[in-house]
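Below is one structure, written out as structure tokens; comments come after it.
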Amino acid sequence: MTKTHRSKALLALPILLLTCFAPAAALSNIALQLSASSAQTATLELDLTALDAFDQVEFTTTTIWTDGAVTFTGVPLKTLLLQLRANGQTVEMVALNDYTVTMPISELEDDVPIVATRINGAPMSVRDKGPFWVVFPYDRDVRYKTETAYSRSIWQLNRLRVTD
Ligand SMILES: Nc1nc2c(c(=O)[nH]1)N[C@H]1C(S)=C(S)[C@@H](COP(=O)(O)O)O[C@H]1N2
Ligand SMILES: [Mo]
């Protein structure tokens, strides 16, 4: 190896290390954005640490996306929207890939659905439908085993917006 080649190899090492570890580091930094169409409310950004500060709801259920029962932990969607203090009829939920679904705010229950931050106790990577996934306790009630509930089960959730 010539001197030039060796210095190139030395340069490449930190870049290689960055490439390997940066995704894991970036994961925890993805924040959930909350906003309202009404201009008077500020936009909130909640990262995993901020979401962990709220009262947590946990349930175990089977899903159409996982093998067997899994335990989800997270914050009720209703709790998060209350933080905004925004008036509105509808919550619009947008994923990292811009998949969008809406839900009437009147249909939010105190503890269903939740914005899950963990599956079986572990944070979810983007590859595993994380870092945030709106989930229902599908096994608890037939109304959660509907196409409506499934379509609202948005994974890789990125933004929540309250609209009129
Ligand atoms: N981020 C994201 N979440 C999503 C979707 C999507 O395309 N992207 N599809 C929704 C719809 S309409 C349904 S029915 C289910 C589809 O799940 P499946 O594609 O695994 O059948 O996930 C919901 N959550
Ligand atoms: Mo769907």
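The figures here come from the full heavy-atom set of this structure, side chains too, leaving out hydrogens, waters and symmetry mates. As the structure lists them, so they are numbered: ligands from 1, and atoms in each ligand from 1. What you see is a predicted model; the values in this text were computed from it and never measured.
Ring geometry for Y138 against Y150 counts as tilted: the plane angle lies between 30° and 60°, on a 0 to 90° scale.
With F72 as the fixed residue, the side-chain contact (heavy atoms from CB on, under 4.5 Å) test singles out one of V134, T61, V115: T61.
In terms of protein heavy-atom proximity, atom 22 (O) of ligand 1 is nearest to W155 CZ3, 3.1 Å. Looking from atom 16 (C) of ligand 1 to the surrounding protein, the closest heavy atom is W65 NE1, 3.9 Å.
Note on V94 and L80: separate hydrophobic clusters, where clusters join Ile, Leu, Val, Met, Phe, Trp and Tyr whose side-chain heavy atoms are under 4.5 Å apart, directly or indirectly. L82 and M103 end up in different hydrophobic clusters when Ile, Leu, Val, Met, Phe, Trp and Tyr side chains are linked at under 4.5 Å.
Of all atoms in ligand 1, listed by their number and element, those nearer than 4.0 Å to a heavy atom of S153 are 23 (C), 24 (N). Taking a cut-off of under 4.0 Å to the non-hydrogen atoms of A95, the atoms of ligand 1 that pass are 1 (N).
The heavy atom nearest to atom 12 (S) of ligand 1, considering only Y150, Y99, W133, is found in Y99.
No N or O atom of S151 sits closer than 3.5 Å to an N or O atom of ligand 1.
Using a 4.0 angstrom heavy-atom cutoff, E147 counts as in contact with ligand 1.
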Requested in this report: Report the C-alpha distance between E107 and R143 in whole Å, list the side-chain angles of each, state the deciding distance to 0.1 Å, and finish with yes or no for salt bridge (Lys or Arg N to Asp or Glu O under 4.0 Å).
Outcome: CA-CA 12 Å; E107 290 184 35; R143 70 186 192 279; over 6 Å; no

Report, one line per pair, each donor and acceptor closer than 3.5 Å where one atom sits in a side chain of residues 154-164; sequence neighbours left out.
from, atom 1, to, atom 2, distance (Å)
Q156, NE2, V126, O, 2.7
R161, NE, E92, OE1, 3.2

